[in-house]
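Notes to accompany the following structure.
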Amino acid sequence: MQKGIWLAAAALMAFAPRAQAQETPAGLMTDLEAHVAAAHSAAGKDFAWQADMMCLNAQYGGDLVGQFWAGSRMSANDQDFEPTEIFDGVYYVGLRDIGAYAIKTSKGVVLIDGLLPGQTDRYLIPHLKKVGITPDQITYVIATHSHEDHFGGAKTLQDRYKARVVMTGPDWDVVDKLPQTGAGAPPRRDVVAADGDRITVGDRTFTILLTPGHTVGALSVMFAVTDHGQPHMALLFGGAGWGLKSMPMAMRPIYAKSLDHLGEAAAANHVDVALEGHPFLGATLARIADERVRKAGTPNPLVIGEDGYRRYLTVFKECHAASTDRYRLLTIKYGPDSKAWKTGFVG
């Protein structure tokens, strides 16, 4: 059931008054600096890395340089991240830079995201086997969006093991236009998910939230988890869009609406666990590593609390707003064609 709040026209109308009110360089810079400060205030120590990467400084407002900074923390030797049970029957089976989560149910396994096409046999399946899962147990692969580092392994699992593949209609439309043969071929169109849909497999239910912006049909996944029997609610932001410089202006208000939608769902469902498709963003990777060596009787480091999830989303919101101000400043200085911009700096 599609909800109209993500339609581009409505989103742009909602965004327009703020844009018009800030269309002077001085006003935009003041606004940008305020958003950067708000992001760091919300981040505290818990999400300091996330705020630094996405709101690198007042002139950048995050963007491309953050990608290079994040990339500098990874190398080929870092790719094979040890799979870990992060909650009861919930396993992180991804890499340092790309996430994948396997969730056991009473009637099979649900996999969220599937790494790149060439990583299925090299990483994904061996990681699954390390935690006692064989690929033929996978009933569904929920691909959070139409980038191959998220849907890549789904075709192998679909072809070899008959797994069902879930994606939203707009992102299936994107995938359907990609080359359908060769090593990087996408999965065949299968389950089309819409906002609010629930996928129930055995004793677990997964709620789909439509959260476009990073792609036209990105989705997020909310599901209940337990830690030694204690209940929690997890929400995986499937369209984080951490390279904000590459986001077209038309998608920015849509992304902002998606962040609002995540916040509303998180508040209504008492979400206290943040999972990510790129697990270095909100220090999820570090929390997974901490969970691996957690002592009995101590809290699960992945449980950040309801206020923690709110602050986590606030960093995204504020850094995105700072990036948008920066984009407008560069447009004023260099013109509307971002490819012709001579520098990433303002002023």
Side-chain angles (χ1 to χ4, degrees), residues 42-53 70 73-75 77-106 109-113 115 123-134 137 144 202-206 220-238 240 266 269-316:
K45 293 181 179 179
D46 298 330
F47 308 107
W49 154 253
Q50 177 190 358
D52 283 343
M53 187 188 72
R73 291 167 62 100
M74 305 170 207
S75 70
N77 292 331
D78 292 328
Q79 279 289 71
D80 195 5
F81 190 75
E82 189 68 19
T84 304
E85 185 173 16
I86 57 175
F87 290 98
D88 300 338
V90 179
Y91 302 86
Y92 183 77
V93 292
L95 309 178
R96 288 183 179 269
D97 56 341
I98 307 170
Y101 299 83
I103 301 97
K104 286 183 176 179
T105 81
S106 59
V109 173
V110 172
L111 183 70
I112 302 177
D113 282 343
L115 309 184
Y123 294 118
L124 183 59
I125 291 177
H127 282 194
L128 289 166
K129 289 181 177 178
K130 277 188 177 183
V131 297
I133 296 172
T134 56
Q137 293 176 280
T144 58
D203 56 351
R204 290 190 188 262
T205 295
F206 302 82
S220 297
V221 188
M222 183 168 60
F223 57 103
V225 297
T226 58
D227 179 57
H228 299 292
Q230 294 299 310
H232 299 279
M233 185 64 73
L235 179 49
L236 187 151
F237 183 10
N269 292 277
H270 306 288
V271 168
D272 58 357
V273 175
L275 302 180
E276 298 171 324
H278 291 289
F280 53 82
L281 284 177
T284 300
L285 197 70
R287 291 186 174 91
I288 293 170
D290 289 343
E291 169 60 17
R292 194 179 296 145
V293 296
R294 175 171 56 130
K295 294 181 180 179
T298 59
N300 187 319
L302 286 136
V303 177
I304 60 175
E306 293 184 53
D307 182 66
Y309 199 90
R310 180 191 60 77
R311 292 190 295 110
Y312 165 78
L313 283 185
T314 297
V315 174
F316 277 107

Could you tell me which non-hydrogen atom of [X] sits nearest to which non-hydrogen atom of [Y], and how far apart they are?
X      : Y      : result
Ala234 : Leu275 : CB-CD1, 4.1 Å
Ala42  : Thr314 : CB-CG2, 3.5 Å
Ala102 : Leu128 : CB-CD2, 3.7 Å
Phe47  : Val315 : CB-CG2, 4.4 Å
Ile103 : Phe206 : CG2-CZ, 3.9 Å
Asp88  : Gly229 : OD2-N, 2.9 Å

Value rounded to 0.5 Å, distance of [atom1] in [X] from [atom2] in [Y]:
X      : Y      : atom1 : atom2 : result
Arg294 : Thr84  : CZ    : OG1   : 12.0 Å
Thr144 : Asp113 : OG1   : CG    : 3.5 Å
His232 : Phe223 : NE2   : CZ    : 13.0 Å
Leu124 : Ile133 : CG    : CD1   : 10.0 Å
Thr205 : Met222 : OG1   : CE    : 11.0 Å
Glu291 : Phe87  : CD    : CZ    : 7.5 Å

Worksheet item: So, Phe237 versus Phe316, ring centres under 6.0 angstrom or not?
Response: yes
Taking [Y]'s backbone N and O only, do any of them form a donor-acceptor pair with [X]'s side chain (distance below 3.5 Å, no angle check)?
X      : Y      : answer
Thr105 : Arg204 : no
Asp272 : Glu306 : no
Ser220 : Gly238 : yes
Asn300 : Ile86  : yes

Can you find a pair of side-chain heavy atoms, one from [X] and one from [Y], that are under 4.5 Å apart?
X      : Y      : answer
Ile112 : Leu236 : yes
Leu302 : Thr284 : yes
Tyr312 : Glu276 : yes

Practice prompt. Using the side-chain contact (heavy atoms from CB on, under 4.5 Å) rule, take Lys130 and Glu82 through it: C-alpha gap first, then chi angles, then the decisive distance, then the call.
Written response: CA-CA 9 Å; Lys130 277 188 177 183; Glu82 189 68 19; 3.4 Å; yes
Discussion item. The test is side-chain contact (heavy atoms from CB on, under 4.5 Å); show your working for Val273 and Arg287 and say whether it passes.
Written reply: CA-CA 11 Å; Val273 175; Arg287 291 186 174 91; over 6 Å; no
Discussion item. Just to verify, what does Tyr101 make a ring pair (Phe, Tyr, Trp, His ring centres under 6.0 Å) with, not counting sequence neighbours?
Written reply: Tyr92
Practice prompt. Run the numbers on Arg311 and Asp307 for salt bridge (charged side-chain N to carboxylate O under 4.0 Å, His left out), then give the verdict.
Written response: CA-CA 6 Å; Arg311 292 190 295 110; Asp307 182 66; 3.3 Å; yes
Worksheet item: Does Tyr123 have Arg96 sitting over its ring (NZ/CZ under 6.0 Å from centre, angle to axis within 45°)?
Response: no
Worksheet item: When you look at Val93 and Val131, which way does the side-chain contact (heavy atoms from CB on, under 4.5 Å) test go after all the steps?
Response: CA-CA 9 Å; Val93 292; Val131 297; 4.3 Å; yes
